[in-house]
Amino acid sequence: MLRLRNQIAAIPMTTRRRGQKPVGNNSHTGMARTAPEQRTIQLDAQCPLASFTQADGLEVPGISLVYLVDQVSAGTREHLRFTAWILNGTPETLTGVELQLRSFTNDALDQLTYLTQPEPQELKGRTLGPRQSMRFPFSYIASPKDLEGDGLLISALQAELTLPAIGKLYSECDAVVNVRCRKVMPPR
């Protein structure tokens with residue numbers, strides 16, 4: 001998996017605010033255009049997208065594992081939502097789709113347990129049709145112990161599936177959350 005640490009990617013986006021007045025007309029559609037608002041969203045550049053490979057390490061295009069968490073940092077008792085997707089961008093049906101929970105730890109290497117996660121039968125033996133995706137939601141509430149070292153929560157997943165024309169394929173991906181202890185300043 002590719003990781004770019006301590007780098008930020010800026011992604012320009014065009015949006016329109018609700019109620020913004022139209023400016024002009026798209027002659028080919030007859031629809032009113034609106035003035036775009038330019039803004040930039042900054043994202044942590046850790047790559048949450050992993051490709052699938054054959055046992056020999058050869059990458060297979062069109063099939064991906066994505067693993068994200070809804071916050072890049074968290075304080076104590078904050079609710080974190082992790083989501084894994086397996087994406088099939090090929091014209092083939094994938095079989096034997098299996099998502100394996102590898103580890104979920106804090107900086108003290110404590111083994112953590114999700115608050116919610118898919119049932120075991122939902123994680124294995126599934127089929128994924130052509131150009132479809134499969135979603136797996138998890139959640140966790142950061143505990144005071146997780147914040148003792150101002151470190152990281154790291155959740156690691158591995159996926160395995162079969163592409164009939166090639167055979168077994170493998171992928172793995174991590175979701176990382178910075179945990180921080182909110183320091184209380186003494187009154188002056």
Side-chain angles (χ1 to χ4, degrees), residues 1-16 26 28-29 36 38-74 80-106 111-112 114-140 152-178:
M1 180 178 71
L2 171 67
R3 282 208 183 137
L4 304 173
R5 295 199 181 263
N6 301 321
Q7 294 184 13
I8 300 294
I11 300 174
M13 296 189 64
T14 302
T15 60
R16 181 183 52 125
N26 288 337
H28 66 284
T29 64
Q38 292 291 326
R39 65 184 176 133
T40 299
I41 295 179
Q42 293 202 343
L43 300 173
D44 182 53
Q46 174 188 340
C47 184
L49 176 70
S51 59
F52 276 81
T53 59
Q54 298 175 37
D56 62 5
L58 187 62
E59 188 175 304
V60 177
I63 307 170
S64 302
L65 173 62
V66 180
Y67 193 34
L68 299 169
V69 63
D70 66 343
Q71 302 180 134
V72 293
S73 64
L80 302 168
R81 290 170 189 82
F82 296 83
T83 307
W85 286 273
I86 297 177
L87 310 173
N88 180 8
T90 73
E92 309 255 352
T93 296
L94 307 175
T95 60
V97 177
E98 183 174 334
L99 187 69
Q100 302 163 5
L101 309 176
R102 298 288 304 246
S103 65
F104 184 28
T105 59
N106 57 20
Q111 197 61 33
L112 306 177
Y114 293 102
L115 177 65
T116 62
Q117 68 183 56
E119 295 294 323
Q121 65 270 19
E122 294 176 47
L123 296 174
K124 59 183 174 179
R126 308 229 0 229
T127 300
L128 183 58
R131 294 178 184 77
Q132 292 186 353
S133 65
M134 201 173 280
R135 179 180 174 270
F136 303 90
F138 303 84
S139 69
Y140 179 74
L152 300 173
L153 298 179
I154 302 174
S155 176
L157 298 178
Q158 181 177 353
E160 183 179 303
L161 51 82
T162 301
L163 180 60
I166 297 175
K168 288 257 187 220
L169 303 177
Y170 307 90
S171 183
E172 55 186 42
C173 203
D174 299 344
V176 179
V177 179
N178 291 308

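The first residue of the sequence shown is numbered 1, and numbering continues consecutively from there.
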Please find the pair of heavy atoms, one from [X] and one from [Y], that lie closest to each other, and give the distance.
X     : Y      : result
Leu99 : Ala84  : CD2-CB, 4.1 Å
Phe52 : Leu65  : CE1-N, 3.7 Å
Ala50 : Ser171 : CB-OG, 3.4 Å
Glu98 : Gln100 : OE2-NE2, 3.1 Å

Counting C-beta onward and ignoring hydrogens, is there a side-chain heavy-atom pair between [X] and [Y] closer than 4.5 Å?
X      : Y      : answer
Val97  : Ile86  : yes
Glu92  : Pro130 : no
Leu94  : Ile63  : yes
Thr93  : Thr127 : yes
Val177 : Leu152 : no
Thr83  : Arg135 : yes
Pro118 : Pro137 : yes

Rounded to the nearest 0.5 Å, what separates atom [atom1] in [X] from atom [atom2] in [Y]?
X      : Y      : atom1 : atom2 : result
Lys124 : Glu119 : NZ    : CD    : 12.0 Å
Arg126 : Thr95  : CZ    : OG1   : 13.5 Å
Glu172 : Thr53  : CD    : OG1   : 8.5 Å
Ser103 : Leu101 : OG    : CG    : 9.5 Å
Met134 : Leu128 : CE    : CG    : 4.5 Å

Val69: which of Val176, Leu153, Leu80 passes side-chain contact (heavy atoms from CB on, under 4.5 Å): Leu80

Can you list, pair by pair, the side-chain donor-acceptor contacts under 3.5 Å of residues 156-170, counting residues two or more places apart and other chains?
unit_1: Gln158; atom_1: OE1; unit_2: Arg102; atom_2: NH1; d: 2.3
unit_1: Glu160; atom_1: OE2; unit_2: Lys168; atom_2: NZ; d: 3.2

Verdict with reasoning, Ser139 to Thr116, per side chain to side chain donor-acceptor pair (under 3.5 Å): CA-CA 5 Å; Ser139 69; Thr116 62; 2.5 Å; yes

Step-by-step side-chain contact (heavy atoms from CB on, under 4.5 Å) determination, Phe136 to Leu123: CA-CA 8 Å; Phe136 303 90; Leu123 296 174; 3.7 Å; yes

Pairs flagged by salt bridge (Lys or Arg N to Asp or Glu O under 4.0 Å) wherever residues 50-70 is involved - sequence neighbours left out: Asp70-Arg81

Partners meeting ring pair (Phe, Tyr, Trp, His ring centres under 6.0 Å) with Phe104 (sequence neighbours left out): Phe82, Tyr114, Tyr140

